[in-house]
*Asks:* 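Questions regarding the structure given below will be posed in turn.
The structure presented is a predicted model; accordingly, all values stated were derived computationally and were not measured. Start at 1 and go down the list; that is how both ligands and their atoms are numbered. Computed from heavy atoms alone, side chains included, the values below leave out hydrogens, waters and symmetry copies.
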Amino acid sequence: MGRKIWVFDTTLRDGEQVPGAKLNLYEKVEIAQQLKKLGVDIIEAGFPASSQGDFDAVKAVAEKVGTTGDIMITALARAVKADIDAVYHAVKYAENPMIHMVLGTSDIHVEKKFSKSKDQILQIGVDAVKYAKTLLPQVQYSTEDASRSDFEYLWKTIEAVMRAGATMINVPDTVGFAEPEEFGEMIFKLNNRMKNLDDSVLLSVHCHNDLGMATANTLAAIKNGADKVECTINGIGERAGNAALEEVVMALKTRSTIYNADTRINTKEIINTSRLVSSFMGLDVQVNKAITGDNAFAHSSGIHQDGLLKSRDAYEIVHPEDVGLDDMELVLTARSGRHAVKNALEKLGFSNLSTDEFEGIFEGFLKLADAKKEVYDHDLYVIVESYYEKHDASHKNATHYSDQFFDIEDLQVVSNTSFPSASVKVRKGNEVLKASAVGSGPIDALYSAIAEITSMDVKLVEYNINSVSRGKEALGKVKITIEHEGEKYMAKAADTDILKASALAYMNAINSIVVAKLTPVMN
Ligand SMILES: CC(=O)SCCNC(=O)CCNC(=O)[C@H](O)C(C)(C)COP(=O)(O)OP(=O)(O)OC[C@H]1O[C@@H](n2cnc3c(N)ncnc32)[C@H](O)[C@@H]1OP(=O)(O)O
Ligand SMILES: CC(C)C(=O)C(=O)O
Ligand SMILES: [Mg+2]
């Protein structure tokens, strides 16, 4: 066991400062419940003085999430009595409530933002801490813009607010200006001085990502003595965001010999938490985002896929299972090689293929892969079928798999406010199936029509669309999850027509169900 690092999650406060990401009371409580399951030590639930809605949401988090276990609930205040009162009245219901206040220490803040002298600002901070201490025993003081502050003034402030009773000192790199080595040195010096003054006071850091260094700066601070880190899920937050909780935590775990520090985060809850935050805030996670991005555990090039199949550690330093995913993903594309395709075929039951058979199928695979972005399992069945039809029609693999898969031939969607409707034409082998339906919106109408054709009992669990390029040729990328007989099936599709992309994604998911039903028969 290494040194304990406290994890302070500010997704509901700094994270919620992202334009358009505002959460309502219900959503804040749900996310707070999940953060507790994840094992964070402290939840910063909001800024109660900012609106009645946020006051109520922070209070609800304190009441519903903060009354059991040892989790601490806090919220932010300026060094202003009314803000501190608002925080106190919102968090006091929690078992372990804390008041968090912020006041700038850089010349820019002191002189330009506040038009005051350094001594005046220091006194305002000390008075605010003294007042907060009359309300609650736990008070955190944040020296806003610390990384651009004069070091001796920063220390003078920290010393004064510690003497006034602050129990946690948070050192923010408010505008993401710091650089790891320099930030680490600053934390090292502050830590030495703080521990000499009162070693019960926790030293914390709060790093922003304006230069893409939030995680690196946070880790440098840990190496140099920081006891606590402030992070957000998916790294969301003001401007370019904050240090991502999942990155800091997994770096500590993966490189434990360097950091010798542990958190109490249950890493298996990371993906669940990331998805919940992303869906409530309506903010997609960048596909290549470390740990929580869609592609973080997906491998698509032949050399990597071959290496992984021979030994996972060739290209995998974090195990997907450790963050709550089922497995890594080997995506079949035109960049895949023979090992990956053979592996996928074997999983579908096509083992013991002769070299000629496999090479013929692989040729078919490459042709399709050049025409499509991704080759799915149902495509492999069709490739196998057409290979044997051409070369050995009496072979047991020459089964008409394609009769069981669905393929969109045409669709028409009418989108209006009173009567959205859709008509769909689908091919299933030699059969052409048609259906029309109305729905609460165009996608709902489209999916109802497809559901009627496929006659499968399917529930749409998640629908997500985003643009993967710009301008007239922009591709709409749709990712959906459907549920059938208790199992979840995820599928994707992209097209310049977002309705077509939606229909193709749904069809791909339906075809995955067909594959799942076919595969045990083959094995
Ligand atoms: C780095 C950070 O993330 S800090 C947290 C950022 N979060 C927020 O701002 C939360 C949402 N904010 C709000 O709802 C509002 O800005 C409020 C309620 C805080 C204040 O609203 P208003 O009273 O209308 O003031 P407004 O936002 O326009 O200006 C901020 C005022 O607070 C002062 N102020 C700013 N920071 C602090 C501070 N840390 N301590 C004391 N006063 C401060 C400013 O100097 C300014 O005061 P002035 O009116 O005397 O010039
Ligand atoms: C309130 C403080 C900690 C903050 O968000 C910042 O300085 O970035
Ligand atoms: Mg911040």
Side-chain angles (χ1 to χ4, degrees), residues 8-19 21-23 42-58 74-87 90 98-106 108-116 118 120-129 131-132 139-149 154 157-158 161 166 168-178 183 202-211 213-215 217-218 221 226 228-233 235-245:
F8 174 116
D9 182 276
T10 182
T11 305
L12 300 179
R13 198 277 299 168
D14 210 320
E16 208 224 15
Q17 287 172 210
V18 173
K22 192 194 153 300
L23 298 167
I42 305 170
I43 293 177
E44 183 167 50
F47 197 115
S50 67
S51 69
Q52 185 63 43
D54 208 39
F55 177 92
D56 294 341
V58 174
T74 191
L76 188 61
R78 293 171 296 174
V80 167
K81 182 176 178 296
D83 285 21
I84 295 169
D85 286 338
V87 170
M98 178 169 82
I99 294 169
H100 177 195
M101 77 183 67
V102 59
L103 188 59
T105 46
S106 66
I108 303 170
H109 280 233
V110 172
E111 288 161 16
K112 298 191 181 149
K113 223 176 87 169
F114 299 123
S115 305
K116 292 214 160 36
K118 283 181 169 163
Q120 282 174 312
I121 288 295
L122 197 150
Q123 195 55 50
I124 291 172
V126 166
D127 290 345
V129 171
Y131 177 63
V139 173
Q140 167 163 290
Y141 193 89
S142 280
T143 51
E144 189 177 359
D145 209 14
S147 52
R148 291 194 300 167
S149 302
L154 174 66
T157 304
I158 291 174
V161 296
M168 296 190 196
I169 298 295
N170 183 42
V171 177
D173 178 28
T174 303
V175 288
F177 181 73
F183 194 62
L202 293 186
L203 171 58
S204 167
V205 292
H206 173 111
C207 297
H208 276 272
N209 206 31
D210 299 65
L211 295 174
M213 295 197 279
T215 298
N217 285 328
T218 303
K228 169 175 156 286
V229 290
E230 298 201 356
C231 307
T232 59
I233 302 298
I236 56 164
E238 191 88 39
R239 303 179 313 279
N242 291 65
L245 181 148

*Asks:* Among T232, L12, L76, which residue satisfies the side chain to side chain contact (heavy atoms under 4.5 Å, CB included) criterion with E44?
*Replies:*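 Answer to the side chain to side chain contact (heavy atoms under 4.5 Å, CB included) test with E44 among T232, L12, L76: L76.
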*Asks:* Heavy atoms only, cut-off 4.0 Å: how does M101 contact ligand 1, side chain, backbone, both, or neither?
*Replies:* neither
*Asks:* Shortest non-hydrogen contact from A221 to F183?
*Replies:* CB-CE2, 3.9 Å
*Asks:* Starting from atom 2 (C) of ligand 2, what is the nearest protein heavy atom, named by residue and atom, and what distance separates them?
*Replies:* R13 NH2, 3.8 Å
*Asks:* For atom 14 (O) of ligand 1, which protein heavy atom lies nearest, and how many Å away is it?
*Replies:* S50 CB, 2.9 Å
*Asks:* Given 3.5 Å as the limit, does a donor-acceptor pair link the side chain of H208 with the main chain of G241, or not?
*Replies:*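 Judged by distance alone, yes, a pair lies under 3.5 Å.
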*Asks:* Going by the atom numbers of ligand 2, which of them fall below 4.0 Å from some non-hydrogen atom of E144?
*Replies:*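 Ligand 2 atoms under the 4.0 Å threshold to E144: 7 (O).
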*Asks:* Does a side-chain heavy-atom distance below 4.5 Å link I158 with Y141?
*Replies:* no
*Asks:* Keeping D145 on the side-chain end and T174 on the backbone end, is there a donor-acceptor pair under 3.5 Å?
*Replies:* no
*Asks:* Any heavy-atom pair between the side chains of R239 and D210 that's under 4.5 Å?
*Replies:* yes
*Asks:* Atom CG of L203 and atom CD1 of I169: how far apart are they, to the nearest 0.5 Å?
*Replies:*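 Answer for the CG-CD1 pair, L203 versus I169, is 8.5 Å.
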*Asks:* Would you say E230 has any N or O atom under 3.5 Å from an N or O of ligand 2, going by distance alone?
*Replies:*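 Looking only at distances, the answer is no, because the N/O contact criterion of under 3.5 Å is not met.
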*Asks:* Provide the number and element of each atom of ligand 2 under 4.0 Å from a heavy atom of S142.
*Replies:* 3 (C)
*Asks:* Under 3.5 Å between any N/O of V102 and any N/O of ligand 1: does that happen in this structure?
*Replies:* yes
*Asks:* Using a heavy-atom cut-off of under 4.0 Å, does the side chain or the backbone of N170 touch ligand 2, or both, or neither?
*Replies:*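 Near ligand 2, N170 shows its side chain, while the N, CA, C and O stay back.
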*Asks:* Heavy-atom distances under 4.0 Å decide this one: backbone, side chain, both or neither, for L76 against ligand 2?
*Replies:* side chain
*Asks:* Do me a favour and list the nearest non-hydrogen protein atom to atom 7 (O) of ligand 2 with residue, atom name and distance?
*Replies:* T174 OG1, 2.7 Å
*Asks:* Give a yes or no on whether atom 51 (O) of ligand 1 lies under 4.0 Å from any heavy atom of the protein.
*Replies:* no
*Asks:* From atom 27 (O) of ligand 1, is the closest protein heavy-atom distance below 4.0 Å?
*Replies:* no
*Asks:* Just let me know how E238 lines up against ligand 2, side chain, backbone, both or neither, with a heavy-atom cut-off below 4.0 Å.
*Replies:* neither
*Asks:* Within the structure, does at least one protein heavy atom fall under 4.0 Å of atom 41 (C) of ligand 1?
*Replies:* yes
*Asks:* Pull out every atom of ligand 2 sitting under 4.0 Å from any heavy atom of V102, numbered as shown with elements.
*Replies:*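 In order of number, 1 (C).
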*Asks:* Report the part of L103 (side chain from C-beta onward, or backbone N, CA, C, O) that has a heavy atom under 4.0 Å from ligand 1; answer both or neither where that applies.
*Replies:*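 L103 to ligand 1: contacts from backbone and side chain alike.
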*Asks:* If I take atom CG from residue L245 and atom OG1 from residue T10, how far apart are they, to the nearest 0.5 angstrom?
*Replies:* 11.5 Å
*Asks:* Is the Mg ion (ligand 3) less than 2.8 Å from an N/O/S atom of D14, whether that atom is in the backbone or a side chain?
*Replies:* yes
*Asks:* I need the atoms of ligand 2 closer than 4.0 Å to a non-hydrogen atom of H208, numbered in the order shown.
*Replies:*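 What qualifies from ligand 2 is 8 (O).
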*Asks:* Look only at interatomic distance and state if R78 has a nitrogen or oxygen under 3.5 Å from any nitrogen or oxygen of ligand 1.
*Replies:* yes
*Asks:* How does R13 reach ligand 1, by side chain, by backbone, by both or by neither, if only non-hydrogen atoms under 4.0 Å count?
*Replies:* side chain
*Asks:* So, taking the atom named CD in E16 and the one named CZ in F47, what distance separates them when rounded to the nearest 0.5 Å?
*Replies:*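 Here the rounded value is 12.0 Å.
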*Asks:* If we set the cut-off at 4.0 Å for heavy atoms, which region of E238 has an atom near ligand 1: side chain, backbone, both, or neither?
*Replies:* neither
*Asks:* Could you check atom 44 (C) of ligand 1 against the protein and tell me its nearest heavy-atom contact, residue, atom and distance included?
*Replies:* F114 CE2, 4.4 Å
*Asks:* Just how far is it from atom NZ of K228 to atom NE2 of H206, taken to the nearest 0.5 Å?
*Replies:*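 Between K228 NZ and H206 NE2, I get 9.5 Å after rounding to 0.5 Å.
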*Asks:* Restricting to N/O/S, name the atom of H208 that gets closest to the Mg ion (ligand 3).
*Replies:*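 Relative to the Mg ion (ligand 3), the closest nitrogen, oxygen or sulfur of H208 carries the name NE2.
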*Asks:* Strictly distance-based, threshold 3.5 Å: is any side-chain N or O of N217 a donor or acceptor partner for the main-chain N or O of A178?
*Replies:*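 A pair under 3.5 Å: yes.
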*Asks:* Please report the shortest heavy-atom distance between S149 and T105, naming the atom on each side.
*Replies:*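 Residues S149 and T105, closest heavy atoms: OG-OG1, 2.8 Å.
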*Asks:* Output the distance between atom NZ (K116) and atom CD1 (I121), rounded to the nearest 0.5 Å.
*Replies:*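 These two atoms lie 6.0 Å from each other.
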*Asks:* Can an N or O of D14 be found at a distance shorter than 3.5 Å from an N or O of ligand 2?
*Replies:*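 N/O-N/O distance below 3.5 Å exists for this pair.
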*Asks:* Protein heavy atom under 4.0 angstrom of atom 19 (C) of ligand 1, is there one?
*Replies:* yes
*Asks:* Report the distance from atom CD of Q140 to atom CZ of F8, rounding to the nearest 0.5 Å.
*Replies:* 5.0 Å
*Asks:* Nearest to atom 4 (C) of ligand 2, what protein heavy atom do you find, and at what distance?
*Replies:* H206 NE2, 3.3 Å
*Asks:* For T74 and M98, indicate whether the former's side chain and the latter's backbone hold a donor-acceptor pair under 3.5 Å.
*Replies:*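 Yes: the side chain of T74 pairs with the backbone of M98.
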*Asks:* Among all protein heavy atoms, pick out the one at the shortest distance from atom 6 (C) of ligand 1; state its residue, atom name and that distance to 0.1 Å.
*Replies:*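 Closest protein heavy atom to atom 6 (C) of ligand 1: Q17 OE1, 3.6 Å.
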*Asks:* Is there at least one protein heavy-atom neighbour under 4.0 Å from atom 34 (N) of ligand 1?
*Replies:* yes
*Asks:* If you have a sec, work out which protein heavy atom is nearest atom 10 (C) of ligand 1 and how many Å separate them, to one decimal?
*Replies:*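 For atom 10 (C) of ligand 1, the nearest protein heavy atom is F47 CD1, 3.4 Å.
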*Asks:* What protein heavy atom sits nearest atom 1 (C) of ligand 1, and how far away is it?
*Replies:*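 Among all protein heavy atoms, the one nearest atom 1 (C) of ligand 1 is E144 OE2, 3.2 Å.
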*Asks:* Go through it in stages, so that I can follow the logic: the residues are I236 and T11, the test is side chain to side chain contact (heavy atoms under 4.5 Å, CB included), and I'd like the CA-CA distance, side-chain angles, deciding distance and then a yes or no.
*Replies:* CA-CA 7 Å; I236 56 164; T11 305; 3.9 Å; yes
*Asks:* Heavy atoms only: give me the nearest A49-D83 pair and the separation to one decimal.
*Replies:* CB-OD1, 3.3 Å
*Asks:* Under 3.5 Å between some N or O of ligand 1 and some N or O of A79?
*Replies:* yes
*Asks:* Answer yes or no: is there a donor N or O on one side and an acceptor on the other, between the side chain of E230 and the main chain of S204, under 3.5 Å?
*Replies:*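 Not a single qualifying donor-acceptor pair exists.
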*Asks:* By number and element, which atoms of ligand 1 are closer than 4.0 Å to a non-hydrogen atom of V80?
*Replies:*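 With V80 as reference, the close atoms of ligand 1 come out as 41 (C), 42 (N).
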*Asks:* Mark whether atom 24 (O) of ligand 1 lies under 4.0 angstrom from at least one protein heavy atom.
*Replies:*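 No, no protein heavy atom sits under 4.0 Å from atom 24 (O) of ligand 1.
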*Asks:* One residue to check: L76. Relative to ligand 1, which of side chain, backbone, both or neither has a non-hydrogen atom less than 4.0 Å away?
*Replies:*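 For L76, the contact with ligand 1 is made by the side chain alone.
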*Asks:* Search all heavy atoms of A77 against all heavy atoms of I84 and return the closest pair with its distance.
*Replies:*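 What the structure gives for the nearest pair is CB-N, 3.8 Å.
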